[in-house]
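Numbering starts at 1 and runs along the sequence shown.
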Amino acid sequence: MLRKLVFLALLALIALPTLVGFAQEPDGLPVDIPREDLWVFDQIFRWQTVNNFNVWRIGGSTPFHHALMLETFWNRDQETGEFIHALAAADPVYNDDFTQMSVELRPGVMWSDGEEFNADDVVYTIETIKANPELGQGGWHAQLTDFDAAVEKTGDYSVSFTLNRSNPRFHTLFESRWNGIYMMPSHIVAEVEANLADGENLGGWVWEAQDVVVLGNYLPVEADPNGYWELFKRRDDPENSLAGIITGGSGPPYALSIFYGNDNIKKAIAMSRNELDVYFDVDIESFDFTLENAPAARSWYQDFPWAYPNEVSSRQLAMNMEGDPLIAHKDVRWALALAIDIVELQTEYIGGVAKVTPFPVPPTAKLYELYHGPMTEWLSNLQIDLGGGEMYSPYDPSIPDQIAAWAEEQGFTVPGEPHEVFGSGWWKYDTDAAEKLLMNAGLSRGGDGMWMTPEGEPWVLDLQSDPSENDAYRMGQAAFDMWTDFGIEVNFSTLDRNTWNQNHYVGEYEVSTPWTSFALASGDMWPNIRGRHSRYYAPVGEDYRPLGGDSVRRLQDARSDELIDAMESVNPVAQEAENIELGIQFLQNWVENMFDITCIAFKKFVTWDETYWTGFPTAENPNYQPLYWFQGGKYAIQNLHPTG
């Protein structure tokens, strides 16, 4: 029903262009550059801070900037799984007890001002981030300090790190899926630091576009002061950028990002007018519009399910343990999960094109083999207490088969086994069991059938979401509809990305719709879950980022801490079986306590139009990941060439 209503709304929007107005409907490009020289991409959200490229500070903006401008030692391609040597010329080399790590650097990579990248840049970057808590991006300062990392130049193109204790994963600080410690141009930043006034620090340094030098392929040129678009120009020597060295490509002469707002149809309209070459994602209705109105456009697959399925992340209905006091009760969290119809959410709200997962690990082929498959028996045997000693088995392994049946009813061909296309099982949709759990927690139905708190007041649950991530937003809409039908009064707030993020940082929410993966593409979990240790806990009202962890849920759990500590010193390669077993135990504890309600893995209708540019990766030619907004997206961008 939701999809039908949205489609009718889209038809109304398209049919009445004179009522839409310039501010709502895309109309031309904001820069005067020949279209054949300009690659235009979806900016996803509006920049809160414009013309400050100090990405190392707390709150520094890395999306797109990192792919276009920044570099670290290694990249992990989410599509191929390849461990790409970036600024490092080889794999890291550890000593026997993992207290030292040596890195050989790639010679010949040039800063855009003609200076060569070398070991001096590495030493300066590490020592500067470690010395300045204000440079708290990515939790890097906290981890460098925790392991008391000392760095030494051992040659013009080699460095050695010494740690205060064993850490077989220290290199992951410099391995980017999304972020990694980005190198500073020491010849620039050291001069800035030397000229800071008393009481100033680099956290407050504003690095403006005209002063920026990069190791990447693009330099910032111009930006909308309100954060709606940003223009980049290819450096004069693309062959000396890292991506140029690796791919041999030069990339488009100019790159322009545009934020079209949170209405997906605006991106689809822009693409149909050849004003947008690639968008990050849209809802199923806007994707249908693209296929019908942009003949040169396509997504990862040419047919159902079309979208790119392998981004290593998942989407949650995350619960603040210090928000609504009732959420601190495990029975309440389980009741909320059992009041979700995952088949309807996945099909009617998402369009049948995302994989289902019951915990924060996406069921990619590799991760399904490591986690979802081995945990199936445990999930099937899992029981929860509904009260009075009544035990209940909440897991339904048939969910992928139910979705496959729906797809076939729609006339689609399912290209593989149901679990390969639609993920794993999930929780039963059982409002009777959910009712018992709420009553067990002291809630009751009022005369109007709505739920009342143990104190006899109407239970009102706040749910907030950011529409720039349309699947997260649709998941939030589904939860709102289903929980309301179950008798819970839900306030659903639509927030812009910056406000929504800020609420997460300080814990100003009850239920929200963020995304995460507890596992890297390799299956290792510690780098992604270490920030959930209680040592990084921040109470509501306090920004958790300066602590270097991830206290979004305001959770303190002794069992989670114990498993994170046990995992820290385990070698994820030489002791892979032990490492994965600890990860499984971590997930089992997470599921038993229902610390969040993970629903689906990421899918992306990352869709490109080949009118002007071609060479983007596809399922038939998966040479690089198509996720251009990730750090590793630079290889796909650099590989583009004019269609003509």
Side-chain angles (χ1 to χ4, degrees), residues 3 6-17 20-31 35 38-47 63-64 67 224 226-231 252 255-301 305-308 311 349-351 353-354 465-474 477 494 496-497 602-613 616 626-630 633 636-637 640:
R3 182 174 176 183
V6 173
F7 184 65
L8 290 173
L10 295 183
L11 288 177
L13 174 66
I14 296 163
L16 297 172
V20 175
F22 178 81
Q24 287 77 36
E25 189 174 348
D27 186 13
L29 297 173
V31 296
R35 189 65 178 84
L38 182 66
W39 179 63
V40 187
F41 63 96
D42 176 12
Q43 186 174 288
I44 306 178
F45 59 90
R46 177 184 174 188
W47 293 123
F64 319 125
D224 170 46
N226 296 310
Y228 283 96
W229 58 265
E230 194 168 30
L231 178 67
L256 173 68
S257 67
I258 299 182
F259 174 55
Y260 283 106
N262 292 320
D263 292 335
N264 289 269
I265 189 60
K266 296 175 187 174
K267 302 178 192 180
I269 293 172
M271 184 166 282
S272 73
R273 295 176 176 174
N274 295 323
E275 296 170 0
L276 183 63
D277 295 310
V278 62
Y279 55 63
F280 150 86
D281 195 19
V282 292
D283 52 41
I284 184 67
E285 296 81 17
S286 297
F287 179 70
D288 287 344
F289 176 87
T290 298
L291 293 183
E292 293 170 4
N293 293 277
R298 62 161 293 178
S299 193
W300 182 251
Y301 297 111
W306 303 291
Y308 182 72
E311 183 176 339
Y349 289 79
I350 306 297
V353 293
S465 189
D466 159 34
S468 68
E469 290 275 353
N470 61 272
D471 286 350
Y473 192 69
R474 287 285 180 92
Q477 289 177 312
T494 299
D496 70 273
R497 174 74 71 98
F602 268 44
K603 75 94 182 78
K604 282 296 191 302
F605 278 128
V606 53
T607 299
W608 45 95
D609 183 276
E610 293 190 303
T611 300
Y612 290 101
W613 301 100
F616 228 74
L627 310 176
Y628 65 87
W629 56 96
F630 276 80
I637 297 169
L640 294 174

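Listed here is the closest heavy atom pair of I44 and R497: CG2-NH2, 3.7 Å. For the pair A268 and S286, the tightest heavy-atom approach, listed with the atom from each and the gap, is CB-O, 3.6 Å. The two residues G633 and A67 make their nearest non-hydrogen contact at C-CB, 4.5 Å. Nearest approach of L291 to A297, heavy atoms of both residues: CD2-O, 4.3 Å.
The ring-ring contact (aromatic ring centres under 6.0 Å, His included) test applied to F45 returns W47, not counting sequence neighbours. With sequence neighbours left out, the salt bridge (Lys or Arg N to Asp or Glu O under 4.0 Å) criterion links D609 to no other residue. For L256, the side chain to side chain contact (heavy atoms under 4.5 Å, CB included) criterion is met by L29, P30, V31, L38, V40, W229, L231, I258, not counting sequence neighbours. With sequence neighbours excluded, the residues forming a side chain to side chain contact (heavy atoms under 4.5 Å, CB included) with A354 are I350, I600, K603, listed by chain and number. Residues forming a side-chain hydrogen bond (donor to acceptor under 3.5 Å, both in side chains) with Y308 (at least two apart in sequence, or on another chain): E79. Annotation: side chain to side chain contact (heavy atoms under 4.5 Å, CB included) contacts of F259 (sequence neighbours excluded): Q43, R46, Y228, N262. Residues meeting the ring-ring contact (aromatic ring centres under 6.0 Å, His included) test with W306, sequence neighbours left out: F287, F304, F412. For the side-chain hydrogen bond (donor to acceptor under 3.5 Å, both in side chains) test, no residue two or more places apart in sequence or in another chain qualifies with N293. In terms of the salt bridge (Lys or Arg N to Asp or Glu O under 4.0 Å) criterion, E230 has no residue partners (sequence neighbours excluded). A search for side chain to side chain contact (heavy atoms under 4.5 Å, CB included) contacts involving S465 returns Y473, F492, T513, not counting sequence neighbours. For the salt bridge (Lys or Arg N to Asp or Glu O under 4.0 Å) test, residues two or more places apart in sequence or in another chain that qualify with R298 are E620. Here S272 pairs with nothing under the side-chain hydrogen bond (donor to acceptor under 3.5 Å, both in side chains) rule; sequence neighbours left out.
A side-chain donor-acceptor contact under 3.5 Å links R35 to the backbone of N274. The backbone N or O of V606 lies less than 3.5 Å from no partner atom in the side chain of D281, so there is not a single donor-acceptor pair. Side-chain N or O atoms of S468 include none that pairs as donor or acceptor with a backbone N or O of D466 at under 3.5 Å.
Contact annotation: the side chain of F289 never approaches that of N264 to less than 4.5 Å [non-hydrogen atoms, C-beta and beyond]. Side-chain contact check for F280 versus Y628: some heavy-atom pair is nearer than 4.5 Å. Within the 4.5 Å cutoff, the side chain of K604 has no heavy atoms near those of the W300 side chain. The shortest distance between side-chain heavy atoms of L640 and F616 falls below 4.5 Å.
Rounding to the nearest 0.5 angstrom, the gap separating the CG atom in N470 from the CG atom in D263 is 11.5 Å. How far OG1 of T611 is from CG of L276: 11.0 Å, rounded to the nearest 0.5 Å.
The closest side-chain donor-acceptor pair between Y279 and T290 falls under 3.5 angstrom.
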